[in-house]
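This report refers to the structure that appears directly beneath it.
Nothing here was measured: the structure is a model prediction, and the numbers come from that model.
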Amino acid sequence: KWSDADTDVTIGKILNLNSIYKPDILVVDGDGVGYSIAVSLKNSLDNVVIFRGAGKVRNPQSSAKNARAEGYLLVKEFIQNGWLKLTDTECIRQLEYIKIDYQRSGHILIESKDDIRKEQGESPDFADSLMMGIYAIVVHAQLLTKKNSETKLMGKINSDFDPFED
């Protein structure tokens, strides 16, 4: 697991991995401690998308209350439609314990990460990484389209990559 608390080390690792894998979109969690990392990366790279879980919903027809709920609803849609097949047991396990909170307004929220940590003894890092990746592909598809038209190549996703591996 990626355990160094020094944000400069984290930024350095991400910049290094970005130069090796050259992703079309680099999604960075911009909430909590991730905010300063996200801003630094956004200032250094042109492919950074900052994900803010409490941010506004991008699809006006979504029943989600915030970006995090919208992202998890997209994961559900991808799995139900057969567009995504998961083989990572850690990610599958984490997805199975994430709960939906139905609001009186009809909106959907996802159980808070604090509540998940209390109940499960861990943060759903693998599930959140998957969710942010799918969210970025759907919501920021114009970045992929722009890159594809410039390079005449399709976007690439390396599903065997483990962002938490040293």
Side-chain angles (χ1 to χ4, degrees), residues 1-62 64-78 83-84 88 90-91 94-95 98 107-114 116-117 122-166:
K1 285 217 173 205
W2 196 315
S3 59
D4 198 317
D6 186 336
T7 57
D8 288 337
V9 171
T10 298
I11 291 167
K13 283 184 177 183
I14 294 170
L15 289 171
N16 176 263
L17 292 169
N18 186 73
S19 70
I20 293 168
Y21 293 100
K22 298 176 180 28
D24 292 336
I25 298 175
L26 177 62
V27 186
V28 183
D29 188 348
D31 290 329
V33 72
Y35 180 76
S36 61
I37 294 168
V39 170
S40 293
L41 290 168
K42 183 81 171 165
N43 289 334
S44 301
L45 302 169
D46 64 354
N47 63 338
V48 172
V49 170
I50 298 176
F51 179 82
R52 302 295 304 264
K56 67 179 181 174
V57 173
R58 301 297 178 120
N59 178 354
Q61 292 149 0
S62 176
K65 179 81 171 173
N66 58 27
R68 186 164 181 261
E70 186 175 25
Y72 274 106
L73 290 175
L74 287 169
V75 169
K76 179 181 176 185
E77 181 181 350
F78 270 57
W83 303 332
L84 176 67
D88 183 84
E90 225 15 56
C91 187
Q94 290 180 358
L95 285 170
I98 291 175
H107 288 105
I108 291 173
L109 280 173
I110 299 300
E111 180 180 26
S112 76
K113 287 174 94 169
D114 287 340
I116 291 172
R117 276 189 212 98
E122 68 176 358
S123 179
D125 296 333
F126 290 91
D128 278 355
S129 295
L130 172 67
M131 177 272 297
M132 288 185 282
I134 288 175
Y135 183 87
I137 289 168
V138 172
V139 174
H140 299 284
Q142 75 279 5
L143 295 176
L144 288 171
T145 305
K146 182 178 178 214
K147 276 204 175 238
N148 291 340
S149 66
E150 291 170 359
T151 63
K152 306 283 191 266
L153 298 172
M154 291 301 294
K156 55 191 175 296
I157 300 172
N158 182 353
S159 62
D160 294 332
F161 175 65
D162 181 355
F164 300 101
E165 186 175 88
D166 283 0

Report the residues that fulfil side chain to side chain contact (heavy atoms under 4.5 Å, CB included) with Lys42, sequence neighbours left out, ordered by chain and then residue number. Val48, Ile50
Is there a side-chain contact between Val139 and Val49, using heavy atoms and a 4.5 Å cut-off? no
Rounded at 0.5 Å granularity, tell me how far CD in Gln94 sits from OG in Ser129. 8.5 Å
Taking all heavy atoms of Leu15 and all of Ser44, pick out the closest pair and write down the distance. CD2-CB, 4.3 Å
Considering all heavy atoms of both residues, which atom of Met131 and which atom of Gly71 are nearest to each other, and what is their separation? CG-C, 3.3 Å
Closest heavy-atom contact between Ala69 and Leu109? CB-CA, 4.1 Å
Could you check whether Lys13 pairs with Asp4 (Lys NZ or Arg NE/NH1/NH2 to Asp/Glu carboxylate O, under 4.0 Å)? no
How far does CE of Met132 sit from CG of Leu26, to the nearest 0.5 angstrom? 10.5 Å
Taking side-chain hydrogen bond (donor to acceptor under 3.5 Å, both in side chains) as the cut-off, I'd like each qualifying pair that reaches into residues 27-37, sequence neighbours left out, listed once. Asp31-Arg52
Under a 4.5 Å cut-off applied to non-hydrogen side-chain atoms, are Phe51 and Asp128 in contact? no
Any donor-acceptor pair under 3.5 Å linking the side-chain atoms of Ser123 with those of Asp125? yes
Closest approach of Gly133 to Val27 (non-hydrogen atoms, all atoms of both residues): CA-CG2, 4.3 Å
One should read off an interatomic distance between Trp83 CH2 and Glu77 CD, to the nearest 0.5 angstrom, of 4.5 Å
Can you give me the closest heavy-atom contact between Leu95 and Tyr72, atom names plus distance? CD2-CE2, 3.7 Å
I want to check something: taking the side chain as every heavy atom from C-beta on, are Asp88 and Leu130 in contact at a cut-off of under 4.5 Å? no
How long is the span from the CG atom in Leu73 to the CD1 atom in Ile110, to the nearest 0.5 Å? 6.0 Å
Tell me which one of Ile14, Thr10, Asn18 satisfies side-chain contact (heavy atoms from CB on, under 4.5 Å) with Leu41. Ile14
Within a reach of under 6.0 Å around NZ of Lys113, are more than 12 heavy atoms found that belong to other residues, nucleotides or ligands? yes
Can you tell me how far NZ of Lys76 sits from CD1 of Ile108, rounded to the nearest 0.5 angstrom? 7.0 Å
Atom NE2 in His107, atom CD in Glu70: separation rounded to 0.5 Å? 11.0 Å
Minimum-distance pair of heavy atoms, taken over all atoms of Gly30 and Ala38: CA-CB, 4.1 Å
